[in-house]
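Just below is one structure, and these are the notes that go with it.
A quick note: this is a predicted structure, and the numbers were derived from the prediction, not measured.
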Amino acid sequence: MATIGIDCEIILDGTGYFVKPGTFKMKQPRVRKATVRADGGESYIDLGPGKRAWSMIILCLNDMLKYDGTLTGLTGEQYRDALRASYSNAAGTTIQFTDPLNGTAVAVHFDSYAEIVYDLHVQEVPLATGASPALSYEAAITLVEA
């Protein structure tokens, strides 16, 4: 079981992940409406805070370490596959996201996913040594509160 501060920084759909420094953002826009009245003045209605949206870049790297210095035991490809499975299987449903700032679980919609492969040549090194290919990724995701 993943534990924030022990072997991950966030938990999404039961899997722990590390976040690229400086990319974790939470945005909470206000629900409001401005209209023009008959006299030409502006009417402004503020219904308060809207749903929160989190965006971040998840590190899906090979040889990642837990906070105690031991290996996580997952390859970048395995982190990426777990993230893709959460994204693909979450259509029309919510998943659990554990907010690292206060540790509360929040039901979210997995809104967007984009990935970057660091270097395609990296997969050739394991193949040359008889191991399976292991790419490293960065995955930019957006989660929206349900």
Listed pairs under 3.5 Å, donor-acceptor, residues 92-100 side chains, sequence neighbours left out:
| from | atom 1 | to | atom 2 | distance (Å) |
| --- | --- | --- | --- | --- |
| T93 | OG1 | A90 | O | 3.2 |
| D99 | OD1 | L101 | N | 3.0 |

Problem - C60 side, atom SG; D81 side, atom CG - distance, nearest 0.5 Å - result: 9.0 Å
Practice task
Quick one: pull up CG in L74 and SG in C8 and give me the separation to the nearest 0.5 Å.
Solution key: 11.0 Å
Practice task
Tell me, with the steps shown, if L71 and L65 meet side-chain contact (heavy atoms from CB on, under 4.5 Å).
Solution key: CA-CA 4 Å; L71 288 171; L65 302 176; 3.5 Å; yes
Exercise for the section: For the residue pair V106 and L143, establish whether any side-chain heavy-atom pair is separated by less than 4.5 Å. Expected result: no
Exercise for the section: Compare all side-chain heavy atoms of I58 with those of I10 and state whether any distance is below 4.5 angstrom. Expected result: yes
Problem - Which residues share a side-chain contact (heavy atoms from CB on, under 4.5 Å) with N89, sequence neighbours left out - result: A85
Practice task
Sequence neighbours left out, what passes side-chain contact (heavy atoms from CB on, under 4.5 Å) with K20? Give chain and number order.
Solution key: T23, I57, L59, E138
Problem - Contacts of type side-chain hydrogen bond (donor to acceptor under 3.5 Å, both in side chains), residue Y79, not counting sequence neighbours - result: T72
For [X], all residues meeting salt bridge (charged side-chain N to carboxylate O under 4.0 Å, His left out), sequence neighbours excluded:
| X | answer |
| --- | --- |
| D68 | none |
| R32 | none |
| K66 | none |
| E9 | none |

Practice task
Give a yes or no answer on whether the side chain of N62 reaches the backbone of G76 with a donor-acceptor pair at less than 3.5 Å.
Solution key: yes
Handout entry: Residue list, ring pair (Phe, Tyr, Trp, His ring centres under 6.0 Å) with F110, at least two apart or on another chain
Key = Y87
Completion exercise
On a heavy-atom basis, the closest approach of G5 and Y67 is O-CD1, 3.2 Å
Problem - Joint hydrophobic cluster, V31 plus M26, side-chain heavy atoms closer than 4.5 Å - result: no
Practice task
Sequence neighbours left out, what pairs pass side-chain hydrogen bond (donor to acceptor under 3.5 Å, both in side chains) with at least one residue falling in residues 107-117?
Solution key: R80-E115, S112-T142, Y113-E115
Practice task
Scan residues 42-59 for pairs that pass side-chain hydrogen bond (donor to acceptor under 3.5 Å, both in side chains), counting only residues two or more places apart or in two chains.
Solution key: R30-D46, R52-E145
Handout entry: Residues clustering with I4 (ILVMFWY side chains joined when closer than 4.5 Å, directly or via others)
Key = I11
